[in-house]
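For reference, the structure is listed below as structure tokens.
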Amino acid sequence: MDIEIRPITYEERPEWVQAAETAFSSVAKEDEVEASLPVIEPDRSFAAIDGGRIVGTSAAVTFRMMVPGGARIPTAGVTMVGVHPTHRRRGINTGMMRVVLEQAAERGEPLAALFASEGAIYGRFGYGLAGLLGEFQAESARMAFVRGYEPSGRVELVSKEEAMPIIDEVYDAAMRPGGVERNAALRDHNFATVGEDKDHPWMYAVHRDDAGTADAYAVYWTKHDWTRSVPAGTITVKECVGATPSGNSDIWRFLFDVDLVATVEAWNRPADEPLLHLLREPRRLRFSVNDGLWVRLMDVIVALEARRYGTDGRLVFEVTDPFRPDNDGRYELVVEGGEGSCTRTDAAADLAGTINVLGATYLGGSSFHQLWWARQVEEHSQGSLERADAMFASSPAPWCVADF
Ligand SMILES: CC(C)(COP(=O)(O)OP(=O)(O)OC[C@H]1O[C@@H](n2cnc3c(N)ncnc32)[C@H](O)[C@@H]1OP(=O)(O)O)[C@@H](O)C(=O)NCCC(=O)NCCS
């Protein structure tokens, strides 16, 4: 059977969205399709077609990702990956990933990144686990903060229209490595109250400091529960971001203190969640982590030169990239004054591993030691694991707030 893979046309967007939903054994409601159209870039959105019918989808969205040191670099945000259950395991996704990445390379994007529905899908394509994703189900009543905490400023509940520009500002100010620039189209899509979300009473809370500057926001909804007449509602946080420590602490204090609520749950929290140190009983947060952001280096040299490093030093990596073998080879990274310069070399390798290892360590979210213990890195010269970890270390932990 011949499967054609090609970019979609502008007119095909609704059909393509619905085809992606079919891969998830779901059907998108009309308003959900409508809300997703503005973020679709037809020339970066591919369809696999069998007998005139779309049976597979895969795409990239264009944005810039913040890397350690603060630079924001062009990144292919891979998304809408799906193959119909009728066509699975015939290599269609592999074929689509090939064209999506080939196009990213042609566009000169040194990184590709994604969130995975299942971690097993993407390792073969060279993605490494670059950032963990935290989630929690907090017992509101047990969320006392450590001694010495004093709230400041004030929280305001505002309309969605009022909230959006404030969210943009705080989101950008709070961005850290792994974060991506979120244009209005992606932001509107992230906050589209369509499908099931339409029926939720969304609240938009903004925290302002004593000078009146917005420094944190939370978007959430409350599901009430009156079992046996006891109020035990649940707040589900869609996004909660603070640009300052006080803004962040105060907005969480606000959420934990909402009346009639027993549980506050949040998803896509940073792995270094500050609440673990702000709460007297961190365990009551019931915090857990999973794989989150997966990063693939498209261009090793450009990517390694774009970020900054924790210490100076020299390292030679031997990289193997079975999916894009043009990247195979040895690379010498020399860091001076925190800035890296990278060239291909014939010199002996200090460390060796797949391109996935560089993706995993690139944002500082995984260490070379960790990957060595997982048998993903070979150390050829003594001390190079320590050196690599000192050079690549980056804090805070990577966190991509935007959903793409
Ligand atoms: C995930 C998905 C896109 C894979 O598409 P596909 O066309 O079946 O993938 P391929 O045939 O190219 O598979 C290539 C390899 O990946 C493996 N693979 C694919 N999906 C996998 C999964 N979910 N778990 C483990 N391995 C998987 C295949 O077994 C195959 O391995 P092999 O080469 O060793 O045989 C498809 O199963 C799907 O649409 N799933 C539901 C929606 C979804 O989860 N999308 C991803 C969103 S991030």
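- Legend: ring pair (Phe, Tyr, Trp, His ring centres under 6.0 Å) pairs involving residues 142-189, not counting sequence neighbours, sorted by first then second residue: F145-Y149.
- Screening residues 225-238 for salt bridge (Lys or Arg N to Asp or Glu O under 4.0 Å) gives D197-K238 as the qualifying pairs, with residues at least two apart or on separate chains.
- Taken from OG in S384 to CG in L351, the straight-line distance is 4.0 Å, to the nearest 0.5 Å.
- Note on residues 67-81: pairs passing salt bridge (Lys or Arg N to Asp or Glu O under 4.0 Å), not counting sequence neighbours, are R72-D172, R72-E181.
- The side chain to side chain donor-acceptor pair (under 3.5 Å) contacts involving residues 395-404 comprise N268-W399, where partners must be two or more places apart or lie in separate chains.
- Using a 4.0 Å cut-off between a side-chain N of Lys or Arg and a carboxylate O of Asp or Glu, R142 and E139 do not qualify as a salt bridge.
- Each ring pair (Phe, Tyr, Trp, His ring centres under 6.0 Å) pair with one or both residues in residues 321-341, not counting sequence neighbours, appears once here: F125-F323.
- The side chain to side chain contact (heavy atoms under 4.5 Å, CB included) check on N290 picks up E135, with sequence neighbours excluded.
- A search for side chain to side chain contact (heavy atoms under 4.5 Å, CB included) contacts involving Q103 returns R44, F46, R107, not counting sequence neighbours.
- Salt bridge annotation for E336-R314: absent, with no cationic side-chain nitrogen under 4.0 angstrom from a carboxylate oxygen.
- Scanning for side chain to side chain contact (heavy atoms under 4.5 Å, CB included) contacts around V158 gives E156, E162, A163, Y204, V206, with sequence neighbours left out.
- Listed by first and then second residue, the ring pair (Phe, Tyr, Trp, His ring centres under 6.0 Å) pairs that reach into residues 230-264 are F136-W252, W252-F256, sequence neighbours excluded.
- Within the structure, ring pair (Phe, Tyr, Trp, His ring centres under 6.0 Å) pairs that include any residue of residues 12-31 do not occur (at least two apart or interchain).
- In this structure, a donor-acceptor pair under 3.5 Å is present between the side chains of D250 and H207.
- Legend: residues meeting side chain to side chain donor-acceptor pair (under 3.5 Å) with D321, ordered by chain and number and at least two apart, are R296, N327.
- Partners of A184 according to the side chain to side chain contact (heavy atoms under 4.5 Å, CB included) rule, which considers only residues two or more places apart in sequence or in another chain, are R187.
- Ion pairing between E239 and R182 holds under the 4.0 Å rule for side-chain N and carboxylate O.
- In this structure, CG in D50 is found 10.5 Å from CD in E4, a value given to the nearest 0.5 Å.
- Under 4.0 Å is where a charged nitrogen must lie from a carboxylate oxygen, and between D350 and R387 at least one such pair does.
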